[in-house]
Amino acid sequence: MAVLVDTNILVDIAIRDPQWLLWSRRRLADARGRLLINPIIYAEFSVRYARQDQVDAVLPETEFIRENLPWSAAFAAGAAFRKYRDGGGTRERVLPDFLIGAHAVISGHHILTRDAKGYRSYFPTVPLITPDTHP
């Protein structure tokens, strides 16, 4: 099983979040060798750094496999986002969340995240690794 690592998990590690660091480290260790990131996750995470080499040092390709977003996932993300907005969704959820969820659906990946609500609502078939499923 490949595991798409949501940005919030990477941030937990980078900032050494006192509440979530240990949980996030454990889940990353559990999935070692099968950890994936895509350009969306990379972009969201990289805003904390001035240079690309700094990001690459924190997210080495030997640990975080890079996988491009399939075009069909981009379409599925747009469709889910439209459904969200048509249903009265505010700007609380942003398109990157939908791109990550759709990538997991189309490619058959699990998602490691602390923010399960949107994934469960718009991508209910995606297996999630969350604090409530893996305490």
Side-chain angles (χ1 to χ4, degrees):
M1 120 189 109
V3 177
L4 199 56
V5 182
D6 201 1
T7 310
N8 56 54
I9 302 301
L10 301 174
V11 171
D12 290 347
I13 304 301
I15 68 166
R16 304 181 60 79
D17 183 282
Q19 181 179 354
W20 293 108
L21 177 64
L22 187 57
W23 184 88
S24 293
R25 277 189 178 165
R26 284 183 186 146
R27 300 298 76 82
L28 288 172
D30 291 347
R32 190 161 308 281
R34 304 177 318 259
L35 300 171
L36 304 174
I37 59 174
N38 64 25
I40 309 306
I41 295 163
Y42 187 93
E44 285 185 312
F45 182 75
S46 70
V47 301
R48 291 159 181 77
Y49 299 89
R51 296 187 331 267
Q52 184 174 354
D53 64 315
Q54 294 172 311
V55 179
D56 292 339
V58 177
L59 301 176
E61 289 187 59
T62 55
E63 292 183 40
F64 297 93
I65 300 162
R66 272 77 166 142
E67 184 171 285
N68 285 320
L69 186 76
W71 287 99
S72 55
F75 181 82
F81 189 70
R82 182 179 57 248
K83 180 179 174 185
Y84 165 74
R85 292 305 298 265
D86 289 349
T90 64
R91 298 202 186 278
E92 175 184 314
R93 289 229 153 301
V94 295
L95 190 54
D97 294 339
F98 291 88
L99 289 163
I100 293 165
H103 182 179
V105 166
I106 297 298
S107 299
H109 300 324
H110 290 60
I111 299 176
L112 171 57
T113 186
R114 288 189 292 95
D115 185 18
K117 182 181 175 186
Y119 296 123
R120 285 190 178 125
S121 296
Y122 294 93
F123 305 101
T125 61
V126 173
L128 299 176
I129 302 166
T130 65
D132 64 328
T133 62
H134 294 78

For the atom pair CG (Asp56) and OG (Ser46), what is the distance rounded to the nearest 0.5 Å? 9.5 Å
Test Leu10 against Phe64 for side chain to side chain contact (heavy atoms under 4.5 Å, CB included), laying out the working first. CA-CA 11 Å; Leu10 301 174; Phe64 297 93; 3.6 Å; yes
Which residues pass the ring pair (Phe, Tyr, Trp, His ring centres under 6.0 Å) test with Tyr49, not counting sequence neighbours? Phe45
Name the residue from Arg34, Arg26, Arg27 that meets the salt bridge (charged side-chain N to carboxylate O under 4.0 Å, His left out) definition with Asp30. Arg27
Group every Ile, Leu, Val, Met, Phe, Trp and Tyr by side-chain heavy-atom contacts under 4.5 Å, then state whether Phe75 and Leu95 land in the same group. no
Taking atom CG of Asp132 and atom CZ of Arg120, what is their separation to the nearest 0.5 Å? 4.0 Å
Distance in Å, Ile111 CD1 paired with Ile129 CD1, rounded so as to fall on 0.5 Å steps: 9.5 Å
Are the side chain of Asn8 and the backbone of Arg114 linked by a donor-acceptor contact shorter than 3.5 Å? yes
Could you tell me which non-hydrogen atom of Leu99 sits nearest to which non-hydrogen atom of Ala74, and how far apart they are? CD2-CA, 4.1 Å
Any donor-acceptor pair under 3.5 Å linking the side-chain atoms of Asp115 with those of Thr113? no
Does one hydrophobic cluster hold both Trp71 and Phe81, with members joined at side-chain heavy-atom distances below 4.5 Å? no
Approximate separation, where rounding is to 0.5 Å, of Arg25 CZ and Ile9 CD1: 13.0 Å
I need the minimum non-hydrogen distance between Ala77 and Ala102, along with the two atoms involved. N-CB, 3.5 Å
When the ring planes of Trp23 and Trp20 are compared, do they come out parallel, tilted or perpendicular, using 30° and 60° as the limits? perpendicular
Could you measure the distance from the CG atom of Leu128 to the OG1 atom of Thr133? Nearest 0.5 Å is fine. 7.0 Å
Give a yes or no on whether Ile41 and Val47 share a hydrophobic cluster (residues Ile, Leu, Val, Met, Phe, Trp, Tyr; joining criterion: side-chain heavy atoms under 4.5 Å apart). no
Donor-acceptor check, side chain of Gln54 to backbone of Arg51, threshold 3.5 angstrom: yes or no? yes
Measuring only between side-chain heavy atoms, which start at C-beta, is Phe123 closer than 4.5 Å to His103? no
Given side chains that start at C-beta, do those of Leu59 and Arg66 come closer than 4.5 Å, heavy atoms only? yes
Checking side-chain contact (heavy atoms from CB on, under 4.5 Å) between Ile65 and each of Ile37, Val3, Leu36, Asn38, which is the one that passes? Leu36
Do you know which two heavy atoms are closest between Pro127 and His109, and how far apart they sit? CD-O, 3.9 Å
Do Arg82 and Phe98 pass the side chain to side chain contact (heavy atoms under 4.5 Å, CB included) test, and can you show the C-alpha distance, the side-chain angles, and the key distance before you say yes or no? CA-CA 10 Å; Arg82 182 179 57 248; Phe98 291 88; over 6 Å; no
Which atom of Ala116 lies closest to which atom of Thr130, heavy atoms considered: CB-CG2, 3.6 Å
Could you tell me if Tyr122 and Asp97 have a donor-acceptor pair between their side chains, going purely by distance under 3.5 Å? no
Show your reasoning for whether side chain to side chain contact (heavy atoms under 4.5 Å, CB included) applies to Glu44 and Val11. CA-CA 10 Å; Glu44 285 185 312; Val11 171; over 6 Å; no
Look up atom CG in Asp17 and atom CG in Leu22, then write down how far apart they are to the nearest 0.5 Å. 11.5 Å
